[in-house]
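First up is the structure itself, then whatever we jot down about it.
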Number of protein chains: 2
Amino acid sequence: MSGQPRIAIDAMGGDEGVHVMMAGAALARRRHDGLRFTLFGDEVRIKAALDQHPNLRAASDVVHADTVVDGSDKPSVAIRKKSSSMAMAIAAVKAGEAGAAVSAGNTGALMAMAKLALRTMPGVDRPALAALLPTLGDNDVVMLDLGANTECDARNLVQFAVMGAAYSRIAFDLERPRVRLLNIGTEDLKGTDEIRDAAAVLRSATSLPLQFDGFTEGDKIARGDADVIVCDGFSGNVALKTAEGTARFVTDVLRKAFTSSIRSKIGFLISKPAMHLLKHHLDPNNHNGAVFLGLNGVVVKSHGSANDKGVANAVHVAARLLEEDITRRIAADMAGIQSLSAAASKLEQPVK
Amino acid sequence: MSGQPRIAIDAMGGDEGVHVMMAGAALARRRHDGLRFTLFGDEVRIKAALDQHPNLRAASDVVHADTVVDGSDKPSVAIRKKSSSMAMAIAAVKAGEAGAAVSAGNTGALMAMAKLALRTMPGVDRPALAALLPTLGDNDVVMLDLGANTECDARNLVQFAVMGAAYSRIAFDLERPRVRLLNIGTEDLKGTDEIRDAAAVLRSATSLPLQFDGFTEGDKIARGDADVIVCDGFSGNVALKTAEGTARFVTDVLRKAFTSSIRSKIGFLISKPAMHLLKHHLDPNNHNGAVFLGLNGVVVKSHGSANDKGVANAVHVAARLLEEDITRRIAADMAGIQSLSAAASKLEQPVK
């Protein structure tokens, strides 16, 4: 890729339509001077939307795509839609015309397409889906895998730890992010063979740019004492969705409580700034942008229901990872771990 | 067991001491006329605590136990403490002197001891840990396994479904509880082989007293559209703890928001009844009492930090399961599933 950093945007994905994708990209553009865009999708609708955003229009090329990947398309169907806005955005990354792609479309399709087109990086067996989750600490926590791999072996988990740490270093400017493995207890004997074996490797891999702090549990994800939490894609997906569901449950109960009497309603009105702060903390748009790590290129998934601020956040994540060259960083770290003889011998053991 | 239903109480487990266990049992006694107790532990301390609770004293026998299982005891150490209050409470169930045991002690030790002494019921391969979780619907949801089994095959999951449904029928007087398997998507192809195979068996097992409604995801646990949610112990433990941690996270953020300004503090004071309602909904004491299902006898784990109301809830759970004879119900259902030829042939297939 030559010249200025460029992001390929699938303008058609997402429940909220082209306008929200364009509004989000325009917002992100303001935070990243010199960022350029290629916008894939229905040319007429994209150009109409760009009329509202002259700053984005000045930094963008528009490329027409004939078709779209539907939310209901199975990955096997989606990957055959070569002229879809999603496929063309990923193809632009593959061809080196863009450094990163952002889509708010079908996650399974995006994952399958990105893996097929971009391939996994040298040293990485499987890509993982990573996201930032809010904590009570100073920084968000990077959690991965969130659903790209239903089952993972020890080797996968170790690689996820290295990739997650690279993400955390870029996102929060940390030197040695604190990494923990998600488990069902903190004692050494807890969990599956895969988790215990991964812990043994990470404990011995002291030359890596991360600090391995052992196991953590589901109730400590938001506590802020880890920068990276590593798990298989099944547990990660369960944890992420359970956290979303619980936050919604608590705020639903709260809303009911606040509307249960005149007195509560008055209190609610007076405490509105406080409630606004809570809403801000829990707003998924502030944490939008899940990243596929481990591919030859950056691919970011924006939530289908994200608003313009959410899309801007996803584009910002892509821009940061591109500017800081996460792919090169992960490649260097992977080379580091493969030279660790203790780690290597452990990794080569067959895992039950 | 002859005569009135009797519950064996490990008076020594729990962080809050003998007094809280006795206060809880006394509260539960008021809801269950005719319930009798055997209290195991330090005789002097138990008798001192009973001075406050003449109603409980009148319904109880006290049996001195020389020692206690510590919170830090590994299960392998704990099971050798035959004269501990925990071991003696379980032994009373084994001997038929009590129908159920309640302990607030070390979970791993309780699980290991209960399994060793009581053995799994005919037709059940592995016991599971089940609890009631709050929902936005009319009833709580029974979720299992919450950590007794790190890995589970399809056969285990099907048995958990049957056991969880029996629990739900008793707790909420339902005829055919709606059962779902926890997964990372709702499409048929999602998840592991174990989950898909279990779904196939449950779909065909239409004569069982449950209604199988397919898969659910972590964000829908609290939605109230399932009466029973079935999963392996690893995912279940992650989900349960993530829900606890998220609820605490949201209320912590809320507390910070409410104390962030004078205005918010005033609003908080006015809305105190509303906040009280929220606290009531989220108070773990209202959902205290996890049950080991699948053993020849009822064993209930009370949370170590439960207050008297929480202990009363755990004792109430034990009393209900005992009164409604859950062990016999599960045995009957297990016989039912084994006679289903379609299910049986599927269950006999080796599971990857």
Side-chain angles (χ1 to χ4, degrees), chain A residues 74 108 134-136 147 150-151 182-185 187 189-192 217-223 231 233-235 237-254 256-261 263-278 281-282, chain B residues 74 108 134-136 147 150-151 182-185 187 189-192 217-223 231 233-235 237-254 256-261 263-278 281-282:
Chain A
K74 288 193 179 158
T135 73
L136 292 171
T150 306
E151 287 165 293
L182 185 67
N183 203 340
I184 60 172
E187 304 86 352
L189 288 170
K190 289 279 179 179
T192 59
E217 296 172 273
D219 54 340
K220 294 171 191 97
I221 294 171
R223 207 165 63 171
C231 53
F234 194 96
S235 319
N237 191 280
V238 165
L240 178 73
K241 286 179 180 161
T242 302
E244 284 171 10
T246 307
R248 205 162 50 232
F249 173 75
V250 175
T251 48
D252 277 4
V253 171
L254 193 66
K256 274 189 196 169
F258 270 126
T259 52
S260 62
S261 72
R263 178 177 165 166
S264 302
K265 278 183 198 164
I266 293 170
F268 175 77
L269 286 175
I270 294 175
S271 355
K272 227 172 180 177
M275 297 307 289
H276 190 77
L277 205 64
L278 177 71
H281 251 85
L282 298 180
Chain B
K74 288 194 178 156
T135 73
L136 292 170
T150 307
E151 287 165 293
L182 185 66
N183 203 340
I184 60 172
E187 304 86 351
L189 288 169
K190 289 280 180 179
T192 59
E217 296 172 273
D219 54 339
K220 295 173 191 95
I221 294 171
R223 207 164 64 172
C231 53
F234 194 95
S235 320
N237 191 280
V238 165
L240 178 72
K241 286 179 180 161
T242 302
E244 285 171 9
T246 307
R248 205 163 49 231
F249 172 76
V250 175
T251 48
D252 277 3
V253 171
L254 194 65
K256 274 190 197 171
F258 270 126
T259 52
S260 62
S261 72
R263 178 178 165 166
S264 301
K265 279 184 197 163
I266 293 170
F268 175 77
L269 286 175
I270 294 175
S271 358
K272 227 170 178 180
M275 297 307 289
H276 190 77
L277 204 64
L278 177 71
H281 251 86
L282 298 180

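Proteins come first, then strands; the chains are lettered A, B, ... in the order of their sequence lines, and each starts at number 1. Keep in mind that the numbers below use all heavy atoms, side chains included, and drop hydrogens, waters and symmetry copies.
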Work out which heavy atom in A:T150 is nearest to a heavy atom in B:G191; give both atom names and the distance.
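In this case the closest contact between A:T150 and B:G191 is CG2-C, 3.8 Å.
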Where do B:L182 and A:F234 come nearest, in terms of heavy atoms and distance?
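Between these two residues, the closest heavy atoms are O-CZ, 3.7 Å.
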Could you check A:D219 against B:T242 for side-chain contact (heavy atoms from CB on, under 4.5 Å), going step by step and ending with a plain yes or no?
CA-CA 5 Å; A:D219 54 340; B:T242 302; over 6 Å; no
Please state whether the side chain, the backbone, both or neither of B:I221 comes within less than 4.5 Å of a heavy atom of chain A.
side chain
Part of B:R223 within contact of chain A (heavy atom distance under 4.5 Å)
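Neither part.
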Measure the CD1-CG distance between A:I184 and B:L240 for me, rounded to the nearest 0.5 Å.
11.5 Å
B:N237 side, atom CG; A:K190 side, atom NZ - distance, nearest 0.5 Å:
8.0 Å
Under a 4.5 Å cut-off applied to non-hydrogen side-chain atoms, are A:L136 and B:V253 in contact?
yes
Can you tell me which of [options] forms the most heavy-atom pairs within a distance under 4.5 Å of chain A?
options: B:I266, B:T246, B:V238; value: B:T246
options: B:G147, B:G108, B:P134; value: B:P134
options: B:K241, B:E151, B:K74; value: B:K241

Which one, A:K220, A:E187, A:E217, A:E244, leads in non-hydrogen pairs under 4.5 Å with chain B?
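Heavy-atom pair counts peak at A:E217.
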Most contacts with chain B, counted as non-hydrogen pairs under 4.5 angstrom, among A:A243, A:A247, A:G245:
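Heavy-atom pairs under 4.5 Å are most numerous for A:A243.
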